[in-house]
Amino acid sequence: MTDYKDTVYLPKTDFSMRAGLPTKEPQILKLWEEINLFKKLREQRKNSEPFILHDGPPYANGYLHIGHALNKIIKDVINRSQSMLGKNANYVPGWDCHGLPIEWKIEENYRKKKKNKDDIPIVEFRKECRDFAAKWMDVQSEEFQRLGVYGDWEDPYSTMKYESEAIIMSEIGKFLMNGSLYRGIKPVMWSPVEKTALAEAEIEYHDHISTTIFARFPVVKTSSDIISDFEIIIWTTTPWTMPGNRAVAYGKDIDYSLIEVTDVGENSLAKIGDKIIIAKELMADVMKEISVLSFNSSITLKGSDFAGTILAHPLNNYGYEHEVLLLEAEFVTTDQGTGFVHIAPGHGADDFELGRQNNLPIPETVSDNGILNSDLPLLGGLRVLKDNEIIADIMHKHNALIGRGRLNHSYPHSWRSKAPLVFRTTPQWFISMTTTNLRDTSLKALSQTTFYPPQGQNRLTKMIEDRPDWCISRQRAWGVPLAIFVNKKTQEPLRDQEVIDRIVEVFKTDGADAWFEKPSSFFLGSKYNPDDYEAVTDIADVWFDSGSTHSFVLEERDDLFWPASLYLEGTDQHRGWFHSSLLESCGTRGRAPYDAVLTHGFVLDQQGRKMSKSLGNITAPQKVINEFGADILRLWVVGSDYYDDLRIGKEILIRHSDHYRRLRNTLRYLLGALNEFDEKEKINFTEMPELEQWVLHRVSELSVKIQENTEKFNLHDIYLDIHNFCTIDLSAFYFDIRKDTLYCEDSSSVERKSCRTVMDILFKSLTTWLAPIICFTAEEAWQSRYKDSENSVHLQTYFKGDKNWKNDELGKKWSDIRELRSFVTTSIEEKRKVGILGSSLQAKVLIEANEESFKVLQDVNLPEIFICSDVHMDLNRNLSETKIKVNIELASGGKCMRCWKIVPEVKNNIELCNRCTKVLKFN
RNA sequence: AGGCGCGUAGCUCAGUUGGUUAGAGCGCACGACUGAUAAUCGUGAGGUCGGCAGUUCAAAUCUGCCCGUGCCUACCA
């Protein structure tokens, strides 16, 4: 017997079956670097329609986590796919550099060296922050590039570049000039020891003993006569907030008892005959606490009965003559106290909010070192944390209390000084939502923005509707200073464009440090006397920085455009970057800085739990890259529904690797089949067999779909379509059927040449379709074929099918054929199960078809489609419901030693079928 | 606690305006091939569509409640 293996055109390629991505990907990155791919693409597309995905800046303070990877991969796939549409998708990555976390890190270093932050000159401190951010920018840049993310890594943007700081200040200036930037006050956690505001994360809770008081608020005016001579009793652990009291809150559904005291204990501050009101549920506890021995309480009222009542301050007769409103509030509970809550709008979050809603005044009663203002009657000059016993004494002396005590409870302290904190109102700078109609402008801008997914619009809209004015000042060091002068006399900020311009110009050349280095006179010029003005030392909220990126990146750079085509971030950025950018841009330019917004979900572990160090369920992108490769991570992204939260874990990554293998082997098979393909082989569409025409019909169908889905950023659908196409249409159908043609047919035959023409189209289609997704593998396959490193796959555009290829009728016909084919494969399998045959080539397929099926199959080369050796089909008009009946027999004849079909002509000493004999004769 | 979401086979996902027996790929099991070979092909088993209650001739799909879960409500980004 002769071995005919050498006469068969077996697939041949150097594109390996196993990928070895972790080692191969860096080589491909190097190749791209060598040919300067990104620049080359910019040059090639410089006159094309721009697509600007404006990068939301990550914070430069650590290694990348999987969320960063997710975000940048989606961005990259979108950029690359837009590029595949022929657009100029220039992408400039950036970093957010200012802010508290970096300050903390630098401070932490100081603490280790036992240095005090306050002893370091601010400019020196800022320099260290700057160096720290610069270092992490480099680290993250490397990591992003390893993911395959392409962009202008040589010239990225950052919020701390001098030009950026200058423009940020110039943007602040716009708000200053248009009158929407104003000075107001806001309660913050304040450390009297460090004389600074603290962030939530800088606060730790320790036990603290507080003086508690039960204070009397006489009813002054009420619609409910029955309570007119009663006193409302509140309980508080912060007596020092009493000067700031402007209201008392009740719960509308709480039951309150009207109580008359009839007997009291020896040291009780209560007196017989006192008429007081407290929550019914707390009556027993309170009476015991204030040593009331007996009392009458026959009447119960609902909180809602108190609406409209006005009280007097407990020290009403000693200088605190203002009205105290009795207000309804949801946060009132009967867990503790009296069921009434004393409201000092300057000294608590709930208090402030309730005060704001009811237009209460917000008195500033405490100075920055924690001392009650000296002009306060009776209590001026006392210390808020240490003198509460004295405050209680004074109040008692003036008949303002009905009880007092002490309480050991958990209380906020500074993590630096360990000293207790207070809530205090401080002057802050706000951008008004109303004076320039910023809210309305923003809402209108949102209605003109496209959201992916659409729910985002709703979410952002709700936030803009409800949000208060934007507080943009921070009492910190590492940021863009609010370079504003305040007139000492009028307390009005100086609004002079000349001064602002002078500041901006200096920031451009010297950076924002100039604000701390140069004297006021330098900025004020000759027009103003520096002695008349105080320079603000606050810095800007970092959200203002990043909210301004559109101005110093999109507007300032020649290679970008304003507004952006797309902003794309995690769903948390509804509150963050989408939000601040919208406000900033609407406030200065009257519209959103983006045409569209895309949000993705968060990454969870395999069980759907959030990732945390304590659970030990963190998947690090670096680890995935080293074990699987970046292309697998990229496949994970597009293989997931990233509009929702995504899960990741070992099994999930393995599953995606399985999918990857299918794609890789499809490319590999194409490469093998196209070995030594010559353009001259190409066959015209109309001359191709119907099967080839059908494949091209599918290509054109898919091509349109991919085009549309790219325009809608529907990466997930693109991927599903490609994968299903490779698996169902190609591997399990077209490739399987055409093996005989490809391997055994005469190389000059129309059939084989048609097949290879189609294979060529498939290769170009798949590599360009896949290039945005598995950017490394697509390049590897492309280079494996064309061996022309200058001509990267990423310089191409999507392969587009010829319009003539689309033929829905043909599509329908072949999907019918495939349905009938599945009856045949099932029947063959049954025979295989019982050992009658192995290879389907051993089979002769006998078909009885109803009229409809007969019509579909009659002019089809059935042995080819069924991959069997013989088919006999009869029309059976009696079948109607059943489309076809299939029977399988062994084909008669001998096995051709070359193509392995069973044919009658192979017998005795004849080894080859007629076809193979003919093929060999001409070669 | 409120605002915005999510919950379909072991995994990743499809499921049109409610309309036959809820689909695909991977994995798994079994088998075939040994000329895509750590590949390829075929067959098959997997689901009370988170739960309960409604609306309807008909619910994965609409409504309500519940359960689970994520993001947001920070001088974090």
Side-chain angles (χ1 to χ4, degrees), chain A residues 4-5 8-11 13 17-18 56-61 96 99-101 103-104 186 188-189 196-202 330-331 426 428 453 455-456 458-460 462-463 466-467 471 473-476 479 538-539 541-543 546 570-577 599 601-602 604 606-610 635-636 639-641 643-647 649 651-659 661-662 665-666 668-673 716-717 719-720 723-724 726-728 731-733 735-736 739 742-744 822 825-826 828-830 832-833 835 837-841 867 898-900:
Chain A
Y4 291 94
K5 192 162 179 165
V8 175
Y9 306 105
L10 292 179
T13 174
M17 189 151 72
R18 301 195 65 196
Y59 197 63
N61 75 333
D96 200 359
L100 195 55
E103 262 189 61
W104 278 345
K186 194 187 166 192
V188 294
M189 271 296 183
T196 180
L198 291 181
E200 188 71 30
E202 296 175 296
E330 291 210 349
F331 56 79
T426 52
Q428 302 289 350
Q455 301 94 286
N458 185 12
R459 188 170 176 186
L460 239 182
K462 273 241 155 57
M463 285 179 182
D466 296 341
R467 71 154 297 142
C471 176
S473 53
R474 298 290 125 98
Q475 287 70 53
R476 295 284 166 182
D538 295 353
I539 61 158
D541 176 12
V542 285
W543 285 115
S546 58
T571 171
D572 56 331
Q573 297 301 329
H574 284 105
R575 185 47 102 186
W577 195 52
T599 51
F602 269 63
L604 309 173
Q606 200 148 306
Q607 281 85 44
R609 300 170 303 180
K610 69 165 85 182
L635 224 43
W636 163 72
S640 305
D641 176 12
Y643 286 141
D644 195 359
D645 292 333
L646 306 80
R647 301 181 179 201
E651 194 201 334
I652 291 170
L653 286 164
I654 290 172
R655 288 295 83 81
H656 285 291
S657 302
D658 292 334
H659 282 237
R661 286 215 310 268
R662 166 70 63 186
N665 279 317
T666 303
R668 180 166 189 267
Y669 189 70
L670 286 170
L671 282 165
H716 181 64
D717 289 353
Y719 172 59
L720 292 182
H723 189 265
N724 282 334
C726 288
T727 305
I728 301 167
S731 195
F733 189 64
F735 289 173
D736 211 23
K739 269 183 201 168
L742 204 58
Y743 296 173
C744 303
S822 77
T825 53
T826 306
I828 291 176
E829 184 62 23
E830 281 162 11
R832 190 148 39 210
K833 275 256 151 71
L837 50 71
S839 165
S840 61
L841 281 176
I867 317 180
R898 183 165 175 274
C899 72
W900 298 347

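Protein chains get the first letters and strands the later ones, always in sequence-line order, with residue 1 at the start of each. Please read these numbers as outputs of a predicted model, since none were measured by experiment. Reckoned from all heavy atoms, side chains included, excluding hydrogens, waters and symmetry mates.
Partners of A:Lys186 by salt bridge (charged side-chain N to carboxylate O under 4.0 Å, His left out), not counting sequence neighbours: none found. Under the salt bridge (charged side-chain N to carboxylate O under 4.0 Å, His left out) criterion, A:Arg662 pairs with no residue, sequence neighbours left out. Here A:Phe733 pairs with A:Trp694 under the ring pair (Phe, Tyr, Trp, His ring centres under 6.0 Å) rule; sequence neighbours left out. A:Arg467 is linked by a side-chain hydrogen bond (donor to acceptor under 3.5 Å, both in side chains) to A:His579, counting only residues two or more places apart in sequence or in another chain. The side-chain hydrogen bond (donor to acceptor under 3.5 Å, both in side chains) test applied to A:Ser473 returns A:Gln428, not counting sequence neighbours. In this view, A:His716 satisfies the ring pair (Phe, Tyr, Trp, His ring centres under 6.0 Å) rule with no residue, not counting sequence neighbours. Partners of A:Phe735 under the ring pair (Phe, Tyr, Trp, His ring centres under 6.0 Å) rule, at least two apart in sequence or in another chain, are A:Tyr669. Residues forming a ring pair (Phe, Tyr, Trp, His ring centres under 6.0 Å) with A:Trp543 (at least two apart in sequence, or on another chain): none. A:Glu829 pairs by the side-chain hydrogen bond (donor to acceptor under 3.5 Å, both in side chains) definition with A:Arg832, not counting sequence neighbours.
With B:rG25, B:rA36, B:rG10 as the candidates, the nucleotide lying closest to the side chain of A:Glu651 is B:rG10. The nucleotide whose nearest atom lies closest to any side-chain atom of A:Leu604 is, among B:rG70, B:rC26, B:rC72, B:rG70. Here the side chain of A:Arg661 is nearest to one of B:rA14, B:rC71, B:rG27, namely B:rG27. Side-chain atoms of A:Val188 lie closest to B:rC75 of the nucleotides B:rG25, B:rC13, B:rC75.
Remark: A:Arg459 is not in phosphate contact with B:rC71, judged by side-chain N or O atoms under 4.0 Å from OP1 or OP2. Note on A:Ser840: every side-chain N or O is 4.0 Å or more away from OP1 and OP2 of B:rC33. For A:Ser731, a side-chain nitrogen or oxygen approaches OP1 or OP2 of B:rC41 to under 4.0 Å. Checking the phosphate oxygens (OP1, OP2) of B:rC13, no side-chain nitrogen or oxygen of A:Arg647 falls inside 4.0 Å. The phosphate of B:rA36 has OP1 or OP2 within less than 4.0 Å of a side-chain N or O from A:Tyr743. Dashed line: the shortest gap from a side-chain N or O of A:His656 to OP1 or OP2 of B:rG25 is not under 4.0 Å.
Using a 4.0 Å heavy-atom cutoff across all strands shown, A:Leu10 reaches at least one base atom of the nucleic acid. Using a 4.0 Å heavy-atom cutoff across all strands shown, A:Trp543 reaches at least one base atom of the nucleic acid. Note on A:His574: nothing from the nucleic acid sits closer than 4.0 angstrom, heavy atoms only. Residue A:Leu841 is classed as having no contact, given no heavy-atom separation below 4.0 Å to the nucleic acid. At a threshold of 4.0 angstrom between heavy atoms, the contacts of A:Arg898 include nucleobase atoms, whether or not backbone atoms are also involved. Using a 4.0 Å heavy-atom distance criterion, A:Phe735 is classed as a base contact. Heavy atoms of A:Tyr669 sit under 4.0 angstrom from at least one base atom. At a threshold of 4.0 angstrom between heavy atoms, the contacts of A:Lys610 are confined to the sugar-phosphate backbone, with no base atom among them. Contacts of A:Met189 with the nucleic acid, taken as non-hydrogen atoms under 4.0 Å apart, are absent. Looking at heavy-atom distances under 4.0 Å, A:Gly576 makes no contact with the nucleic acid at all. Backbone-only engagement by A:Arg575 is indicated by non-hydrogen atom pairs under 4.0 Å involving sugar-phosphate atoms exclusively. Residue-level contact check: A:Gly672 touches neither bases nor backbone, having no heavy atom under 4.0 Å from any strand. Within 4.0 Å (heavy atoms only), A:Cys471 reaches no atom of the nucleic acid at all. Among the heavy atoms of the strands lying under 4.0 Å from A:Asn665 is at least one base atom, whether or not backbone atoms are also near.
If you take atom P in B:rG42 and the same atom in B:rA59, they sit 36 Å apart, rounded to whole Å. When the P atom is compared between B:rG19 and B:rC49, the two are found 16 Å apart, to the nearest whole Å. When the P atom is used for both B:rG64 and B:rC4, the distance is 13 Å, rounded to whole Å. Comparing B:rC13 with B:rA60, their C1' atoms are spaced 15 Å from each other, to the whole Å. Remark: the separation of the C1' atoms in B:rA77 and B:rC71 is 14 Å, to the nearest Å. With both ends at atom P, the span from B:rG18 to B:rC62 equals 8 Å, rounded to whole Å. A distance of about 11 Å separates the P atoms of B:rA39 and B:rC28, rounded to the whole Å. Spacing of C1' atoms, B:rA29 relative to B:rG46, comes out at 11 Å, to the nearest Å.
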Protein-nucleotides 42-44 of chain B N/O pairs closer than 3.5 Å?
unit_1, atom_1, unit_2, atom_2, d
B:rG42, O2', A:Glu829, OE1, 3.1
B:rG42, N2, A:Glu829, OE2, 3.1
B:rU43, OP1, A:Thr825, OG1, 3.2

Under 3.5 Å, which protein N or O atoms sit close to an N or O of nucleotides 5-7 of chain B? Give each pair with its distance.
unit_1, atom_1, unit_2, atom_2, d
B:rC6, O2', A:Asp644, OD2, 2.7

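Residue order along RNA chain B, read from the 5' end via each residue's closest nucleotide, puts A:Asn724 first among A:Val542 and A:Asn724. When each of A:Lys462 and A:Arg474 is assigned the nucleotide of RNA chain B bearing its nearest heavy atom, the one mapping closer to the 5' terminus is A:Lys462.
Aromatic ring orientation, A:His659 versus A:His723: parallel (interplanar angle below 30°, classes split at 30° and 60°).
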- Secondary structure of RNA chain B in dot-bracket form (Watson-Crick or G-U wobble, distances below 3.5 Å, | marking inter-strand pairs): (((((((..((((.....[...)))).(((((.......))))).....(((((..]....))))))))))))....
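Under the stacking criterion of a centre-to-centre distance below 5.5 angstrom and an interplanar angle below 30°, A:Trp900 sits stacked against the six-membered ring of B:rG35.
Here B:rG46 is in the syn range [glycosidic angle within 90° of 0].
Remark: A:Lys739 engages A:Asp736 in a salt bridge, criterion side-chain N to carboxylate O under 4.0 Å.
In terms of polar N and O atoms assigned as donor or acceptor, the side chain of A:Arg18 comes within less than 3.5 Å of the base of B:rA38 in a complementary pairing.
For A:Ser840 against A:Ile828, the heavy-atom pair with the smallest separation is CB-CD1, 4.1 Å. Nearest heavy atoms, A:Thr599 versus A:Tyr643: O-CD2, 3.3 Å.
With contacts defined as side-chain heavy-atom distances shorter than 4.5 Å, the pair A:Trp577/A:Pro57 qualifies.
Counting only N and O atoms by type, the side chains of A:Arg476 and A:Thr196 include no donor and acceptor under 3.5 Å apart.
Nucleotide B:rG10 holds its C1' atom 13 Å from the CG atom of A:Asp658, rounded to whole Å.
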- Item | Chi angles and distances behind the side chain to side chain donor-acceptor pair (under 3.5 Å) call for A:Arg459, A:Thr571 | CA-CA 10 Å; A:Arg459 188 170 176 186; A:Thr571 171; 2.6 Å; yes
